[in-house]
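Notes to accompany the following structure.
The model shown is predicted, which means the values in this text are computed figures rather than measured ones. We count residues from 1, following the sequence as given.
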Amino acid sequence: MKRLGILLLMIVGMTTMAMAQAEIKFNETTHNFGTISKKTPVQKCTFTFTNTGNQPLIINEAMPSCGCTVPNFTKNPIAPGETGTIEIKFNAEYQQPTHFKKTITVLSNAKTAKIRLYIEGDIQE
């Protein structure tokens, strides 16, 4: 009987731990720069997110799809209910004049561990 009680306590503890998790919610996942001139090729935008879970959120990595895109993100753990940012710097200097769509893959300890952010726009001479 004592073993059964201990087993039940372990199961309840593990279930509680599995339910306690960070969750990430972005205000938006796509940013459109509109038209970018080659005269001002460097553009910036910021993605804001909130930890809607009940554990601290940690962004492990933000990986761009190409070298023309540089992400900078909040490195400290984000407490439940708090917000963080991912700043994106895009350089169109070596891009062809055309429509572009780039991806930034965000890895974290959230329930949804991988989220993709997108930047897009049109490059003109």
Side-chain angles (χ1 to χ4, degrees):
M1 189 65 144
K2 192 173 184 181
R3 285 185 176 178
L4 181 61
I6 292 172
L7 180 63
L8 285 174
L9 278 174
M10 287 176 59
I11 291 172
V12 169
M14 287 199 238
T15 304
T16 304
M17 287 176 55
M19 291 177 17
Q21 197 163 7
E23 292 187 38
I24 189 169
K25 179 165 177 34
F26 281 89
N27 292 351
E28 64 177 353
T29 56
T30 301
H31 178 81
N32 191 324
F33 286 110
T35 302
I36 298 173
S37 169
K38 288 277 199 166
K39 294 176 183 173
T40 56
V42 177
Q43 301 292 314
K44 296 179 183 178
C45 70
T46 302
F47 290 94
T48 303
F49 60 87
T50 303
N51 179 0
T52 59
N54 52 17
Q55 291 294 311
L57 172 68
I58 299 168
I59 302 295
N60 298 316
E61 197 168 357
M63 301 178 298
S65 59
C66 78
C68 60
T69 307
V70 179
N72 185 19
F73 57 91
T74 303
K75 306 286 192 283
N76 297 329
I78 295 93
E82 297 295 321
T83 61
T85 59
I86 299 178
E87 296 174 0
I88 307 297
K89 184 167 116 179
F90 174 72
N91 188 344
E93 184 176 358
Y94 302 108
Q95 301 290 312
Q96 296 297 318
T98 187
H99 181 80
F100 71 90
K101 188 167 189 172
K102 306 293 181 181
T103 306
I104 300 92
T105 303
V106 179
L107 303 176
S108 72
N109 69 327
K111 185 176 182 178
T112 304
K114 180 171 34 172
I115 294 180
R116 288 191 174 88
L117 304 176
Y118 302 95
I119 58 170
E120 65 180 320
D122 295 294
I123 302 170
Q124 289 185 343
E125 284 294 332

Report task. May I ask you to decide if Gly121's main-chain N or O and His99's side chain share a donor-acceptor pair within less than 3.5 Å? Result -> yes
Requested in this report: Give the ring-plane orientation class for Phe33 versus Phe90, where under 30° counts as parallel, over 60° as perpendicular and anything between as tilted.
Outcome: parallel
Query - Rounded distance [0.5 Å steps], CD1 in Ile115 versus CZ in Phe47 - result: 11.5 Å
Query raised in the report: Looking at Pro56 and Pro80, what are the two nearest heavy atoms and their distance?
Result: N-CD, 4.2 Å
Query raised in the report: With distance as the sole test, does Thr74 use its side chain to make a donor-acceptor pair with the main-chain N or O of Asn76 at under 3.5 Å?
Result: no
Query raised in the report: Between Phe26 and Ile119, is there a shared hydrophobic cluster once you connect ILVMFWY residues whose side-chain heavy atoms come closer than 4.5 Å?
Result: yes
Query raised in the report: Can you tell me if NZ on Lys39 sees more than 12 non-hydrogen neighbours from other groups inside 6.0 Å?
Result: no
Report summary line: dist Ile36:CD1 -> Lys38:NZ (nearest 0.5 Å) comes out at 10.0 Å
Query raised in the report: So, Thr69 side chain and Pro64 main chain: donor-acceptor pair closer than 3.5 Å or not?
Result: no
Query raised in the report: So which heavy atom on Ser37 is nearest to which on Glu125, and how close?
Result: OG-O, 4.4 Å
Query raised in the report: Could you go step by step and tell me if Gln95 and Lys102 meet the side-chain contact (heavy atoms from CB on, under 4.5 Å) rule?
Result: CA-CA 12 Å; Gln95 301 290 312; Lys102 306 293 181 181; 3.5 Å; yes
Report task. Any chance you could measure Cys45, atom SG, to Leu117, atom CG, to the nearest 0.5 Å? Result -> 8.5 Å
Requested in this report: Apply side-chain contact (heavy atoms from CB on, under 4.5 Å) to Thr103 and list each qualifying residue two or more places apart in sequence or on a separate chain.
Outcome: Ser65, Thr105, Arg116, Tyr118
Query raised in the report: Hey, what do you get for CG (Asn27) to OG1 (Thr46), rounding to the nearest 0.5 Å?
Result: 11.0 Å
Query raised in the report: Does Pro71 offer a backbone N or O that forms a donor-acceptor pair with the side chain of Lys89 under 3.5 Å?
Result: no
Query raised in the report: Can you tell me if Lys25 uses its side chain to pair, donor with acceptor, with the backbone of Glu23 under 3.5 Å?
Result: no
Query raised in the report: Which distance, rounded to the nearest 0.5 Å, do you find between the CG of Asn60 and the CZ of Phe73?
Result: 8.0 Å
Query raised in the report: Counting distance only, does the side-chain N/O of Asn51 pair as donor-acceptor with the main-chain N or O of Ile24 below 3.5 Å?
Result: no
Query - Euclidean distance, Thr52 OG1 relative to Ile78 CD1, rounded to 0.5 Å - result: 12.0 Å
**Report entry** From Ile104, Leu107, Val106, residue fulfilling side-chain contact (heavy atoms from CB on, under 4.5 Å) relative to Met63
**Finding:** Leu107
**Report entry** Nearest heavy-atom neighbours spanning Ile59 and Phe49
**Finding:** CG1-CZ, 3.9 Å
Query raised in the report: Any donor-acceptor pair under 3.5 Å linking the side chain of Asn109 with the backbone of Gln55?
Result: no
Query raised in the report: Checking Asn72 side chain against Glu87 main chain: does a donor-acceptor pair fall under 3.5 Å?
Result: no
Query raised in the report: Going through the checks in order, is the side-chain contact (heavy atoms from CB on, under 4.5 Å) test met by Leu57 and Ser108?
Result: CA-CA 7 Å; Leu57 172 68; Ser108 72; 3.9 Å; yes
**Report entry** Shortest non-hydrogen contact between Lys111 and Gln21, atoms and distance
**Finding:** CA-NE2, 3.4 Å
**Report entry** Linked, directly or transitively: Ile86 and Ile58 (ILVMFWY side chains, under 4.5 Å)
**Finding:** no
